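A short write-up of the structure that comes next.
The chain is numbered in sequence order, starting from 1. Given the structure is predicted, the values throughout are model-derived calculations rather than measurements. First listed ligand is number 1; within each ligand, the first listed atom is number 1.
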Amino acid sequence: MAAKKPYRSPQGFALLPGYLDRAQQQALLACVREGLRAAPLYRPVMPRTGKPLSVRMSNFGPLGWITSVSGYRYGRRHPVTGAPWPPLPDMLKRLWADVSGWPQAPEACLINYYDGKARLGLHVDADEDAATAPIVSVSLGDAALFRLGGPRRTDPTRSLRLGSGDVVVLAGAARHCYHGIDRIYGGTSRLLPRGGRINLTMRVVG
Ligand code: MD3
Ligand code: FE
């Protein structure tokens, strides 16, 4: 059970603070580590410019979200190793079933790793054809300053802190809002021995 009250707004947005307790976070981290042995984090690049992102990425799933100079897409293989993505851990499948309210299982789980200096600029997630399915996010490790806006880039934004074990459900209108990560609060969690933050986002793609 979540220790604190869920935070819900705009429509379809739910922050479930402390949804995973420490033991569950450790169990999930062990699954993530195992997956990353098969599908190591790589440094994605911006389409067109080839400029590297500061966030490193990998995926679980049948499908993974991939960036390259030619654009963003979902694909079945790791862009560096060429291997299929590792399966989605059962723990994440259960979490999706418990919080998403969506009958279909997720097809992709993007793994983002932020070191203390990484950021993720304001963007919308628009590469999924299944635009009405929710996205479920789980945070592990150091806290982050998350920013959520509206459907237009110029809409006002609100900042929220995401801590280790927090779950966010993005359904309805919130699913199409601009969002990003402005900073990582180094040293706020001891879950990852070398610090930093892992964020997992489960998605239905098509
Ligand atoms: C709001 N990840 O992977 S998770 C992403 O912390 C992404 O790594 C961030 O943005 C992270 O695309 C934020 C929470 C989240 C995920 C998807 C959203 C918030 C969202 C989609 C629409 C609106
Ligand atoms: Fe996003």
Side-chain angles (χ1 to χ4, degrees), residues 6-17 19-20 28 32 41-44 46-47 53-61 63-67 72-74 85 88 92 95-96 99-100 102 106-153 155-185 188-189 191-192 196-205:
Y7 182 100
R8 299 176 193 278
S9 125
Q11 186 274 323
F13 177 90
L15 167 59
L16 312 175
Y19 186 87
L20 298 181
L28 179 55
V32 172
L41 292 166
Y42 74 99
R43 191 173 298 278
M46 293 285 289
L53 303 192
S54 56
V55 178
R56 291 194 291 151
M57 296 181 176
S58 186
N59 291 274
F60 291 135
L63 292 172
W65 188 80
I66 308 165
T67 81
Y72 304 125
R73 66 185 175 90
Y74 279 92
W85 302 108
L88 187 69
L92 286 175
L95 189 137
W96 171 274
V99 305
S100 72
W102 195 256
E107 299 166 291
C109 176
L110 175 62
I111 306 165
N112 290 335
Y113 174 75
Y114 298 78
D115 65 20
K117 291 178 176 159
R119 311 264 181 282
L120 187 63
L122 219 54
H123 68 278
V124 283
D125 292 16
D127 296 318
E128 300 80 22
D129 295 326
T132 56
I135 293 175
V136 172
S137 140
V138 189
S139 296
L140 296 173
D142 284 334
L145 186 63
F146 170 67
R147 194 209 291 242
L148 181 62
R152 288 170 303 265
R153 186 178 282 280
D155 288 335
T157 65
R158 180 159 57 84
S159 291
L160 291 169
R161 194 178 161 114
L162 298 183
S164 197
D166 289 1
V167 167
V168 180
V169 182
L170 295 312
R175 168 75 178 73
H176 306 287
C177 291
Y178 274 84
H179 59 281
I181 295 291
D182 288 335
R183 64 165 293 191
I184 301 299
Y185 296 101
T188 52
S189 165
L191 188 73
L192 308 184
R197 169 174 183 264
I198 293 171
N199 182 265
L200 306 157
T201 45
M202 290 179 272
R203 300 136 187 276
V204 179
V205 176

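Taking distance alone, with nitrogen or oxygen atoms compared against 3.5 Å, N112 approaches ligand 1 more closely than that limit. On a distance-only criterion, H123 and ligand 1 share at least one N/O pair closer than 3.5 Å.
Nearest residue to atom 10 (O) of ligand 1 from M57, H179, R197 is H179 (criterion: closest heavy atom). For atom 12 (O) of ligand 1, the nearest non-hydrogen atom from the set V124, D166, D125 belongs to D125. Taking all heavy atoms of F146, Y178, Y113, Y114 into account, the minimum distance to atom 11 (C) of ligand 1 is reached by Y114.
Side-chain polar atoms of D127 and W65 form a donor-acceptor pair below 3.5 angstrom. Judged purely by distance below 3.5 Å, without hydrogens or angles, the side chains of T157 and R147 pair a donor atom with an acceptor atom. N199 and S137 are linked by a side-chain donor-acceptor pair at a separation below 3.5 angstrom, with hydrogens and angles left out of the test. The closest side-chain donor-acceptor pair between E107 and Y74, if any, does not fall under 3.5 angstrom.
The shortest heavy-atom distance from E128 to ligand 1 is not under 4.0 Å. Under the 4.0 angstrom criterion for non-hydrogen atoms, V168 is not in contact with ligand 1. Judged by the shortest distance from any of its heavy atoms, C177 lies inside the 4.0 Å radius around the atoms of ligand 1.
Ring geometry, F146 versus H179: the interplanar angle falls from 30° to 60°, so the pair is classed tilted.
Nearest protein neighbour of atom 20 (C) of ligand 1, counting heavy atoms only, is L170 CG, 3.3 Å. Counting only heavy atoms of the protein, atom 7 (C) of ligand 1 lies nearest to L120 CD2, 3.7 Å.
Taking 4.0 Å as the cut-off between side-chain N and carboxylate O, R203 and D125 count as a salt-bridged pair.
Counting atoms of ligand 1 from 1 in the listed order, those under 4.0 Å from a heavy atom of L110 are 3 (O). Counting atoms of ligand 1 from 1 in the listed order, those under 4.0 Å from a heavy atom of N199 are 2 (N), 4 (S), 6 (O), 8 (O), 11 (C). Every atom of ligand 1 is numbered from 1 in the order shown, and the set under 4.0 Å from a heavy atom of S137 is 4 (S), 14 (C). Taking a cut-off of under 4.0 Å to the non-hydrogen atoms of R203, the atoms of ligand 1 that pass are 3 (O), 5 (C), 12 (O). Short contacts between ligand 1 and A174, defined as distances under 4.0 Å to a heavy atom of the residue, involve ligand atoms 22 (C), 23 (C).
Figure legend: cation-pi geometry between R197 and Y114, with NZ or CZ positioned under 6.0 Å from the six-membered ring centre and within 45° of its axis.
Annotation for S100 and V136: closest pair CB-CG2, 3.9 Å, computed over non-hydrogen atoms.
Taking the Fe ion (ligand 2) as the corner point, the angle from D125 atom OD1 to H179 atom NE2 is about 90° (rounded to 10 degrees).
No donor-acceptor pair closer than 3.5 Å links the side chain of R152 to the backbone N or O of G150. Under a 3.5 Å cut-off, the side chain of R153 and the backbone N or O of Y178 do not form any donor-acceptor pair.
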